[in-house]
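A quick write-up on the structure given underneath.
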Amino acid sequence: MRHSIVLFILLVAAWLLWSGHREPMLLALGALSCLGVTALAARMRVSRYEDPYLFALRTVTYLPWLTWEIVKAAVDVSKLVVARDLSLSPRIIRVPASQSTEIGQVVYANSITLTPGTISLDLRDGHILVHALTREAAEGVLTGDMDRRVTALEDRA
Amino acid sequence: MWIDVLTWMLLATGAVFSIIGAAGILRFPDFYTRTHAAGITDTMGAGPILLGLMLQAGKLAYAADWSVDSVLVIGKLAMVGAFILLTSPTAGHALFKAAFAAGVKIETDDQGVQRFDGEGGDDVPG
Amino acid sequence: MFWIATVGILITMVLALARALKGPTVFDRILAVNMFGTATVLLICVAGFQMGMQTTAGEVIADSRPEFVDMALVYALVNFVGVIAVLKFVRFGSLGHDDRRADQQDQTGHQDPTGQQDPRGPG
């Protein structure tokens, strides 16, 4: 219930900011759609997950580091694309995901996928299957640096 | 003006990287490697272009005395970027899994799945 | 200034279309269409600024077209939902497929990428 209320307030705020209209008709439509989305989220039982809002706030400190990793990885993969002969060595590796919460695991897996050169395939038994484009990309994930940083995000709660 | 110079650089960076990403999905040999190339366009292609546009939107907002509507454009551009960065890995993951399930052949350098349980970095496949 | 981004995005679109036409698998085509959609979102954003620039050349512009960004927002969402919907259709042959129900009926429906069996079962 607390989740639904927070979500509803956030949705109303987003509606008011983005539409910029104040006519009664549009406000009513906005309230209606916000209620609809809140009901859908409740039906999908989004709230069974841990508190996502505080986590999202804490993620802000993680984003600059992630951005820099993405830039480095994108440059690496770009070099592979423009190289005269393709020297790919795709492989599948299995890396531990030490996060204790579902949302932490989701953030970690999505971070891996967002970094060019690695894509997360599956998550089971606390490990993530990662498809890596090259040996270097695989080694980058295996250092566990990203894993530690995401775990640090949830431990500060 | 320095904002314009910065915008130029950002737009050019984004354009170059998105072309590289698109060239990647043409050049790479099989589906799974192509998804990696598509990641470049979604991150280093979209990011710098949207950042450059946000700088220009900031310039316009300054000219409009920071009126609500003009500032909101910056926020909306940021939201476009956030949407792309949130949906791109999800779509990529879904595509990858669907192709697996459909039995598209995957080629790897190593034999099957390598295990890594955290005892040093020696068992990197390769 | 915006032309460089426009040209880059248009070239991206052409290359993505080439892959979409070439295939060979349906997933290559979906991947290419996804990239085309991302490029479209960026193009809409850039076009909003470019068209605002053209109306008053040379000066600081008061009227670029911020409403284009709203369209880009909507298109970004439509693009994502579209890709997921097409994927679901390709995989199951219908959009009304219920994953949980089908898993109970048919345990062999999911091919495991690594050949391992998931001890917890599908879903």
Side-chain angles (χ1 to χ4, degrees), chain B residues 4 7-8 10-12 14-19 21-26 30-31 34-35 37-38 41-42 45-46 48-50 52-53 56-57 59-60 62-64 69-70 72-73 76-77 79-80 83-84 86-88 90-92 94-104 106 112-113, chain C residues 1-9 11-16 18-19 22 24-28 30-32 34-36 38-39 41-42 44-46 48-49 52-53 60-64 66 69-70 72-73 75-77 79-81 83-84 87-88 90-91 109-116:
Chain B
D4 285 345
T7 308
W8 254 105
L10 284 168
L11 289 182
V16 167
F17 272 103
S18 63
I19 293 174
I25 70 164
L26 269 184
D30 69 336
F31 168 76
R34 280 173 206 144
T35 47
T41 303
D42 288 344
I49 288 182
L50 288 172
L53 291 182
Q56 286 302 305
K59 199 173 142 191
L60 292 180
Y62 175 75
D69 277 350
S70 60
L72 266 184
V73 177
K76 282 172 185 169
L77 283 168
M79 283 311 294
V80 173
F83 275 146
I84 291 180
L86 275 177
T87 57
S88 141
T90 316
L95 262 167
F96 216 105
K97 264 203 129 169
F100 252 139
V104 177
I106 186 160
V113 178
Chain C
M1 141 167 46
F2 298 107
W3 62 265
I4 187 160
T6 312
V7 170
I9 294 166
I11 295 175
T12 306
M13 288 169 128
V14 170
L15 294 177
R19 173 50 73 193
K22 251 168 92 177
T25 69
V26 69
F27 301 106
D28 288 291
I30 300 176
L31 181 72
N34 188 19
M35 177 181 271
F36 192 89
T38 307
V41 172
L42 296 177
I44 295 173
C45 290
V46 176
F49 284 83
M53 293 288 276
V60 180
I61 328 89
D63 63 336
S64 79
V69 180
D70 295 80
L73 264 175
Y75 197 89
L77 290 177
N79 183 38
F80 173 65
V81 175
V83 166
I84 297 298
L87 266 182
K88 188 174 182 184
V90 165
R91 185 160 170 192
H110 291 259
Q111 186 192 330
D112 191 281
T114 60
Q116 297 172 329

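These numbers come from the heavy atoms of this one structure, side chains and all, not from hydrogens, waters or symmetry mates. Because the structure is predicted, anything quoted here is derived from the model rather than measured.
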Most heavy-atom pairs under 4.5 Å with chain B, out of C:Thr38, C:Asp28, C:Ile9, belong to C:Asp28
Taking the side chain as every heavy atom from C-beta outward, state whether C:Leu15 and B:Ile19 have any atom pair closer than 4.5 Å.
yes
Heavy-atom nearest pair, C:Gly8 first then B:Ser18, reads O-OG, 4.2 Å
Greatest number of non-hydrogen atom pairs under 4.5 angstrom with chain B, of C:Thr12, C:Val14, C:Ile84, falls to C:Thr12
Okay, C:Ala39 and chain B: the region with an atom under 4.5 Å from a heavy atom over there is neither
Between B:Leu53 and C:Cys45, the two heavy atoms sitting closest are CD1-CB, 3.5 Å
Paired with C:Phe80, the side-chain contact (heavy atoms from CB on, under 4.5 Å) test is passed by just one of B:Ile84, B:Thr90, B:Leu86, namely B:Thr90
Those residues at least two apart in sequence (or on a different chain) that pass side chain to side chain contact (heavy atoms under 4.5 Å, CB included) with C:Val7 are C:Trp3, C:Ile11
Under 4.5 Å to a heavy atom of chain B? For C:Val46 that would be both
On a heavy-atom basis, the closest approach of C:Ala5 and B:Ala15 is CA-CB, 4.3 Å
Value for CG (B:Leu11) from OG1 (C:Thr6), rounded to nearest 0.5 Å, stands at 8.5 Å
With side-chain contact (heavy atoms from CB on, under 4.5 Å) as the test, would you mind laying out the steps for C:Phe49 and B:Thr7 before giving the verdict?
CA-CA 12 Å; C:Phe49 284 83; B:Thr7 308; over 6 Å; no
If one checks every heavy atom of C:Asn34 against chain B at 4.5 Å, the contacting part turns out to be side chain
What one should report as the nearest heavy-atom pair of B:Ala37 and C:Met35 is O-CE, 4.5 Å
By side chain to side chain contact (heavy atoms under 4.5 Å, CB included), B:Met79 pairs with (sequence neighbours left out) A:Trp18, B:Phe83, C:Leu73
Minimal heavy-atom distance between C:Arg19 and B:Leu26, with the atoms involved, is NH2-O, 2.9 Å
The interface call for C:Leu87 against chain B, heavy-atom contacts under 4.5 Å, is side chain
dist B:Trp8:CH2 -> C:Ile4:CD1 (nearest 0.5 Å) comes out at 5.0 Å
Cut-off 4.5 Å, heavy atoms of chain C, and the answer for B:Ile49 is side chain
